[in-house]
S.K.: 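Here's a structure for you.
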Amino acid sequence: TIDSHNIQRYITPEGYVQNEGDIGVPTNGPYEIAYGSLVPKKSQCENLLVPVCLSSTHIAFGSIRMEPVFMILGQSAATAAAFAIDANQAVQDVPYAKLRERLLADGQVLDYAAAAAPATEKSSQRGAIDGKKLPGIVIDDSEAKLIGEWKTSRAAGSFIGEGYQHDHDARDGKANARFEAKLPTPGRYEVRLAYTPNTNRSSKANIEIAHATGKESLTINQRQPPPIEGNFVSLGTFTFASGKPAVVTVSNGNSDGYVVIDAVQFMPATNP
């Protein structure tokens, strides 16, 4: 998680106290830190390794600045320093293949790929579900066109893709997520919405489906578990014309809790 604390507190023109600078968002899983970020340019210094105050943006450092990361960086820097001393060479010239081999032998994890959960996984199980392996056309929240403030999360047990997003219980009518799909063929499709349920969710998340003959508006109670595979709820079956994208819009107008977006699925209707 990228975790940067407030940097200042000020008074708004309305006379309220406001904190500024807080950032707390997930990184969507582990990520690599390059060896080059621990060493300066060779022309500047040949015997310096910096595992803690490494080269990074202040945003990235909000995630790097954790003790387990410092331990891994310290181990890596010490191993590289030992190789440089033994070979009487600059730290920039330590062969990465040799460093990698030793770090792996010592138990470091240098490459990580999260295993996707099966497409039929229930929400009671933890894990990310690969939307590309689900039937129909699935549009993930990462592909939606967003207006307003949305925050990414992975706290729920099961979700589509790398996470889901919520409006942080804003209840201001300013958060809007537009899911667009170019369907392979015109016709009737069942439209489904994926969300992660919780008692703090909105019981009336606003949904609008733009289809061939107009628009359909409805509300979804996101406090209730989605009935389809524990992830999706059906919004109905609609006809979509050729040449026009199928559009589902989720908004937080008149909401009474967190509005959550995870994915929208378009399933070809089996009945005419």
S.K.: Under a 3.5 Å cutoff, is there a donor and acceptor pairing between the side chains of S202 and R171?
M.R.: no
S.K.: So how far is it from I137 CD1 to R192 CZ, rounded to the nearest 0.5 Å?
M.R.: 13.0 Å
S.K.: Of all heavy-atom pairs between L49 and V39, which one has the smallest distance, and what is that distance?
M.R.: CD2-CG1, 3.4 Å
S.K.: Is there a path from L110 to M71 through hydrophobic residues (I, L, V, M, F, W, Y) whose side chains come within less than 4.5 Å of each other?
M.R.: no
S.K.: Between the side chain of D262 and the main-chain N/O of F159, is any donor-acceptor distance below 3.5 Å?
M.R.: no
S.K.: Might you point out which heavy atoms bring F83 and Q89 nearest each other, and give the distance in Å?
M.R.: O-OE1, 4.1 Å
S.K.: Rounded to the nearest 0.5 Å, what's the gap from CG on L235 to CD on Q265? Could you check?
M.R.: 10.5 Å
S.K.: Identify the two heavy atoms, one from I160 and one from G131, that lie closest to each other, and give their separation to 0.1 Å.
M.R.: CG2-CA, 3.9 Å
S.K.: Parallel, tilted or perpendicular, judged at 30° and 60°: which one describes the rings of F238 and F240?
M.R.: perpendicular
S.K.: Where is the tightest heavy-atom contact between P225 and Y195, given as atom of each residue plus distance?
M.R.: C-OH, 4.0 Å
S.K.: Where the side chain of N252 meets the backbone of K174, is there a donor-acceptor pair that is under 3.5 Å apart?
M.R.: yes
S.K.: Side chains of T239 and R188: donor-acceptor distance under 3.5 Å anywhere?
M.R.: yes
S.K.: In chain order, what residues pass the salt bridge (Lys or Arg N to Asp or Glu O under 4.0 Å) check against K151, with sequence neighbours excluded?
M.R.: none
S.K.: Is it the case that one hydrophobic cluster holds both Y164 and V248, taking links as side-chain heavy atoms less than 4.5 Å apart, direct or via other members?
M.R.: yes
S.K.: C45 and P40: which non-hydrogen atoms are nearest, and at how many Å?
M.R.: O-CG, 3.6 Å
S.K.: Shared ILVMFWY cluster between M267 and I228, side chains joined below 4.5 angstrom?
M.R.: no
S.K.: Look at the side chain of E143 and the backbone N and O of D140, then say whether any donor-acceptor pair between them is shorter than 3.5 Å.
M.R.: yes
S.K.: Can any side-chain N or O of N231 pair as donor or acceptor with the backbone N or O of E229 at less than 3.5 Å?
M.R.: yes
S.K.: So do F61 and I59 actually touch side chain to side chain, heavy atoms under 4.5 Å?
M.R.: no
S.K.: Please tell me if the side chains of I147 and R178 come closer than 4.5 Å, counting only heavy atoms from C-beta onward.
M.R.: no
S.K.: Between L48 and V91, is there a side-chain heavy-atom distance shorter than 4.5 Å?
M.R.: no
S.K.: For Q108, does the CD atom sit with more than 12 other heavy atoms under 6.0 Å from it, leaving out its own atoms?
M.R.: yes
S.K.: Measure the spacing between CD1 of I129 and OG of S158 and express it to the nearest 0.5 Å.
M.R.: 3.5 Å
S.K.: For D141 and W150: C-alpha separation, side-chain torsions, deciding distance, then whether side chain to side chain contact (heavy atoms under 4.5 Å, CB included) applies.
M.R.: CA-CA 10 Å; D141 63 279; W150 293 92; over 6 Å; no
S.K.: Let me confirm one number: the CD-CD distance from Q8 to Q18, rounded to the nearest 0.5 Å.
M.R.: 10.0 Å
S.K.: How long is the span from the CD1 atom in I33 to the CG atom in L54, to the nearest 0.5 Å?
M.R.: 6.0 Å
S.K.: With a 4.5 Å cut-off on side-chain heavy atoms, are R223 and T199 touching?
M.R.: no
S.K.: So, do L103 and Y96 sit near enough that their side-chain heavy atoms are less than 4.5 Å apart?
M.R.: no
S.K.: If you define the side chain from C-beta out and look only at heavy atoms, does anything of I220 sit under 4.5 Å from R201?
M.R.: no
S.K.: Any side-chain heavy atom of P51 within less than 4.5 Å of one from F70?
M.R.: no
S.K.: Drop me the distance from T57's OG1 to I64's CD1, to the nearest 0.5 angstrom.
M.R.: 7.5 Å
S.K.: Is it the case that over 12 heavy atoms from other parts of the model lie below 6.0 angstrom from the CG atom of N254?
M.R.: no
S.K.: Can you check side chain to side chain contact (heavy atoms under 4.5 Å, CB included) on T79 and L99, steps first, answer last?
M.R.: CA-CA 7 Å; T79 304; L99 177 61; 3.7 Å; yes
S.K.: Assess whether side chain to side chain contact (heavy atoms under 4.5 Å, CB included) is satisfied between H168 and E149, documenting all intermediate values.
M.R.: CA-CA 8 Å; H168 206 59; E149 295 290 333; over 6 Å; no
S.K.: How far apart are the closest heavy atoms of V259 and S251, and which atoms are they?
M.R.: CG1-O, 4.1 Å
S.K.: Around Y16, counting heavy atoms of other residues, nucleotides and ligands shown, do more than 12 lie under 6.0 Å from its OH?
M.R.: no
S.K.: Please indicate whether R102 has more than 12 foreign heavy atoms, meaning atoms of other residues, nucleotides or ligands, lying under 6.0 Å from its CZ.
M.R.: no
S.K.: Going by distance alone, is a donor N or O of one side chain under 3.5 Å from an acceptor N or O of the other, for E162 and S142?
M.R.: no
S.K.: Could you check if a side-chain atom of I209 sits within less than 4.5 angstrom of a side-chain atom of L218, using non-hydrogen atoms only?
M.R.: yes
S.K.: Test side chain to side chain contact (heavy atoms under 4.5 Å, CB included) on T196 and N198; report intermediate values, then the result.
M.R.: CA-CA 7 Å; T196 59; N198 199 302; over 6 Å; no
S.K.: Would L183 end up clustered with L193 when hydrophobic side chains under 4.5 Å apart are linked, directly or stepwise?
M.R.: yes
S.K.: Do V250 and V191 belong together in a cluster built from hydrophobic side chains that touch within less than 4.5 Å?
M.R.: yes
S.K.: Test: side-chain hydrogen bond (donor to acceptor under 3.5 Å, both in side chains). Region: residues 204-218. Which pairs qualify, not counting sequence neighbours?
M.R.: H211-T213
